[in-house]
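See structure below.
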Amino acid sequence: MPLQEFQVVGRHLPTESEPSPKIYRMRIFAPNEVVAKSRFWYFLRRLDKVKKASGEIIGVNVIHEKKPLKVKNFGIWIRYDSRSGTHNMYKEFRELTRADAVKSLYQDMAARHRARFRSIHILRVVEIEKGDDVRRPYIKQLLTPRLKFPLPHRVGKSRSTFVAHRPSTF
Amino acid sequence: MTDQPSNFKRFVEVGRVVLLTSGPQAGHIAVIAEIIDHNRCPIRSHRPSSTAPQPACPAQSFPYRHLTLTPFVLTKLPRAAGSGIIRKHLEKEGTIEKWNKSAWAQKREAVEKRRKLNDFERFCVVLAKKQRRDTVRKAVKKASA
């Protein structure tokens, strides 16, 4: 399911003692609005004494990627729960959109650390402007100028079990 | 990269012309505009005719598994070029015409045509083959006699 970036804006319900409470805005990555709102309350509860029953969501908007055709390097800071503790982490991804990068992040964390969506907090997603600021070698190698590589030994699907000629692998 | 000559001739690089082999744009030619990672690259394509408003395939990221590299490259293509610049380069080097004239493209066309033949056309093919067989055999007979 493709992730989308949502801007969720909400606040505590106005009371007599506080007629205009502080308004909070969050950028949430979620597959749909419903999950976005839910995550919004999850994070807001940890920051302020407010829950869904005592607050209101003022607005939910999808944030579209400004340049979805430009390849960007993203640095993502996360905090995640492992089986024995919670850790901070910084990962880099090379993608077209912020939502794609976060999707890759979730897949990567699931694969490498068995971390589920619920155990991961995304702290920051930043587009790395300059190639020099990239920290990870697996991304740096894709930034070398005039990069080119062959696709060696391509294995294609053969239509039948027996063929007259050996297949070509390039 | 190594300094010795590589055994590989076709590389994934900015400017490489590729053939899309699956998806809704299968069979179209496109140009690699940049490299995302070892699996994907964004591609741009040409306009099917000079007045068509849409390019043959929309600019998108494409996986290498569904591409075939062709021997054509657009040299001097800057990295992450936009569609307009790529189209200009394509026109300047005449890559689309070169592709259309290449044996590979013509074989693909012939195969496509063969698949689309209706019954009457298939009958005409049978007759044409018979005729060709006839003249060839006669010429061979004469040459060996």
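Basis for what follows: all heavy atoms, side chains included, without hydrogens, waters or symmetry-related copies. Chain identifiers are assigned alphabetically (A, B, ...) following the order of the sequence lines, protein sequences preceding nucleic acid strands; residue numbering begins at 1 within each chain.
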Self-check item: Ionic contact status for B/Arg122 with B/Asp119, cut-off 4.0 Å
Solution: yes
Quiz item: Are A/Arg94 and A/Asn73 close enough that a side-chain donor and a side-chain acceptor fall under 3.5 Å?
Solution: yes
Exercise. Verify the ring-centre separation between A/Tyr80 and A/His113: is it less than 6.0 angstrom?
Key: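 Yes, ring centres under 6.0 Å apart.
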Quiz item: What part of B/Leu77 is in contact with chain A, defined as an atom under 4.5 angstrom from a non-hydrogen atom: side chain, backbone, both or neither?
Solution: neither
Exercise. Side chain from CB out, backbone as N, CA, C, O: work out which of these in B/Arg40 comes under 4.5 Å of a heavy atom of chain A, or both, or neither.
Key: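 Only the side chain of B/Arg40 comes within 4.5 Å of chain A.
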Practice problem: Examine whether an atom of A/Leu142 lies under 4.5 Å from a heavy atom of chain B, and if so say whether it belongs to the side chain, the backbone or both; otherwise answer neither. | Solution: both
Practice problem: Go through the atoms of A/Pro152 and report whether side chain, backbone, both or neither lie under 4.5 Å from a heavy atom of chain B. | Solution: both
Practice problem: From the options B/Leu69, B/Asp37, B/Ile35, select the one residue that forms a side-chain contact (heavy atoms from CB on, under 4.5 Å) with B/Tyr64. | Solution: B/Ile35
